[in-house]
Amino acid sequence: MLDMAPSKQAASWLSSLSRALEAGDTEAATNLFVEDCYWRDLLTFTWNVKTMEGRAAIRDMLDATLAVTKPSAWQLTGEASADEGVIEAWFSFETSSAWGQGIMRLQDGRCRTLFTAMSDLKGSEERKGPARPLGVRHQADPDRETWAEARAREARDLGALEQPYCLVIGGGQGGIMLGARLRQLGVPTIVIEKNAQAGDSWRNRYRSLVLHDPVWYDHLPYIPFPENWPVFTPKDKMGDWLEMYTRVMELNYWTSTKCVSASYDAAEKIWTVEVDRAGERITLMPKHIVFATGAYGPPRQIDLPGAAAFQGEILHSSQYFGGEKFRGRRVAVIGAASSGHDIAVDLWESGVAVTMIQRAPTTVVKSDTLMEVGFEIFSEKALARGITTEKADMIVASTPFALLPQSQRALYDIIKARDAAFYDRLRGAGFAIDFGDDETGLLMKAYRTGSGYYIDVGASDLIIDGEIGIRSGVEIKSLTPTGILFDDGSELAADAIISCTGYQSMNETVAAIVSREVADKVGPCWGLGSGTRGDPGPWQGELRNMWKPTAQEALWFHGGNLALSRFYSKYVALQIKARMEGTATPVYGAPGA
């Protein structure tokens with residue numbers, strides 16, 4: 001077999017897997033994998049977002065799911081490729097309830113990693129491409145309802161005469177993308193947003209904010225950014241795009257609306273949700289609620305002894321809207337991750353004497369370096385090779401989280417060598433740098449804690465040149481009436497303090513809206529259980545509670561950056577659609593199971 005061409009090897013392996021699964025022979029199926037193997041599944045076998053690690057875990061999953069799943073019609077899609085002894089091939093298949101696709105990687109004739117993901121629900125496929133709706137009935141009809149009339153009726157009735165099947169709490173990028181996915185699947189949905197307009201969560205930020213990720217990484221589903229869109233999107237431009245998107249995708253999007261409370265009736269399987277819509281109290285009765293309030297929850301406030309004595313203003317970064325009001329004054333920024341850097345630059349540009357207080361080392365990566373070596377498959381060059389954003393998403397998702405540290409460590413070895421002089425200058429300015437507890441860099445910090453990193457788009461040069469002051473390696477002892485006293489006895493004069501100290505877990509938002517009991521039952525969101533600082537074990541293998549069933553029935557979490565929101569919104573929507581249609585969704589590896 002090893003002398004065969006890559007596509008023949010891949011087809012032969014896939015045929016062997018198909019025969020074993022059709023026969024219900026899970027022992028034979030697992031023997032097709034190497035000992036150190038991984039199977040990551042998005043819904044097709046597990047109705048979960050779950051990775052099985054090792055043969056025993058794969059066999060247990062197959063023993064539990066094969067009778068219901070009934071996988072069949074496995075076939076390669078395109079030619080397999082080979083690189084350094086690893087054969088990679090894409091394939092399609094189907095189950096009793098869904099169409100699926102996946103990626104396999106073979107070593108010495110056996111599988112090292114297998115990725116399976118749901119493409120569509122049978123009988124509930126998205127009406128797109130050749131199956132797109134006609135949009136009109138070609139005949140004269142005095143009772144015709146135009147598109148505008150139908151949309152006005154739907155907007156008027158949903159939430160009043162008719163109840164939504166799903167309520168999405170949070171109308172930022174994540175909620176908007178999920179709303180679009182649910183609408184395309186025909187799930188009656190209302191998205192609520194506390195701001196006055198869609199996109200205001202971007203517009204209301206400080207004036208200099210620009211995305212640090214490139215455009216190829218940040219597309220929304222269905223409507224990609226046009227080809228003349230800038231590589232890095234300014235905040236107001238993003239706000240306008242999101243507002244346009246909600247209208248073009250015909251979302252039922254309620255602005256100026258806050259969720260006041262929510263409770264679940266387990267017997268009736270329905271939520272009672274009180275919302276405040278521009279001062280009017282409305283009761284909604286959805287079957288499912290999704291918290292799409294970003295990747296995080298409420299602002300994390302830190303204890304600052306002596307705060308009552310401080311004569312200046314103390315803000316959390318979520319309350320910061322620009323540096324103009326601080327012009328000519330002295331401002332201390334507590335925190336040295338992304339928000340701390342961005343706000344420090346905005347203050348400096350506004351004529352403020354700014355000092356950054358670094359409480360822990362930060363992973364810093366130059367933007368141009370990351371563009372060249374970190375976003376290789378999300379780029380114009382990748383598009384020229386036929387790697388679309390959708391294909392790149394699948395490639396990223398096909399790599400189990402457990403294997404990321406090894407590849408990221410190798411990547412950061414390259415970055416550290418490439419930019420050694422830059423890092424020496426930054427350290428020389430008194431800035432503390434690290435690359436994570438295990439030298440795995442920015443991406444693993446993002447997955448583990450969502451904090452502690454910065455993509456350098458200009459702040460580092462200001463720090464190196466002394467334009468932004470740095471206090472690192474000293475703890476804040478207390479505030480004084482005129483500034484900050486550190487534990488080494490030194491003091492920093494400040495007229496204002498901005499705490500860039502991050503956010504709590506999304507389940508804390510649940511505590512405020514549903515109950516403390518439900519929030520604790522669900523547990524924290526995000527993190528992998530890596531056992532590194534800020535991400536305690538045990539190992540999860542997937543991000544906690546994100547995009548999958550939680551310990552609270554009919555309660556979901558959706559969020560992350562634009563790329564994660566784009567990709568995983570599909571799988572949240574498919575899970576909710578399946579439940580609406582009455583499709584059996586036995587969850588393998590459910591919380592508490």
- prompt: Is the shortest side-chain N to carboxylate O distance from Asp63 to Arg59 below 4.0 Å?
  reply: no
- request: List for me each residue that meets ring-ring contact (aromatic ring centres under 6.0 Å, His included) alongside Trp90, sequence neighbours excluded, and say none if there are none.
  value: none
field: Sidechain N-carboxylate O distance under 4.0 Å for Lys70, Glu94
entry: no
- prompt: If you measure from the Lys or Arg side-chain nitrogens to the Asp or Glu carboxylate oxygens, is any gap between Arg544 and Asp535 under 4.0 Å?
  reply: yes
field: Under 3.5 Å donor-acceptor, Ser530 side chain and Leu528 backbone
entry: no
field: Ionic contact status for Glu439 with Arg409, cut-off 4.0 Å
entry: no
All pairs passing side chain to side chain donor-acceptor pair (under 3.5 Å) where residues 163-178 contributes a residue, at least two apart: Tyr165-His288, Gln173-Trp202
message: Between Glu517 and Lys521, does any side-chain N to carboxylate O distance fall below 4.0 Å?
response: no
message: In terms of relative ring orientation, are Tyr568 and Trp547 parallel, tilted or perpendicular, with 30° and 60° separating the classes?
response: parallel
- prompt: Are Asp240 and Arg203 within salt-bridge range, i.e. N to O under 4.0 Å?
  reply: yes
task: For the residue pair Phe375 and Phe378, categorise the inter-ring angle as parallel (less than 30°), tilted (30 to 60°) or perpendicular (more than 60°).
output: perpendicular
- prompt: Taking 4.0 angstrom as the limit, do Arg516 and Glu508 come out as a salt bridge?
  reply: yes
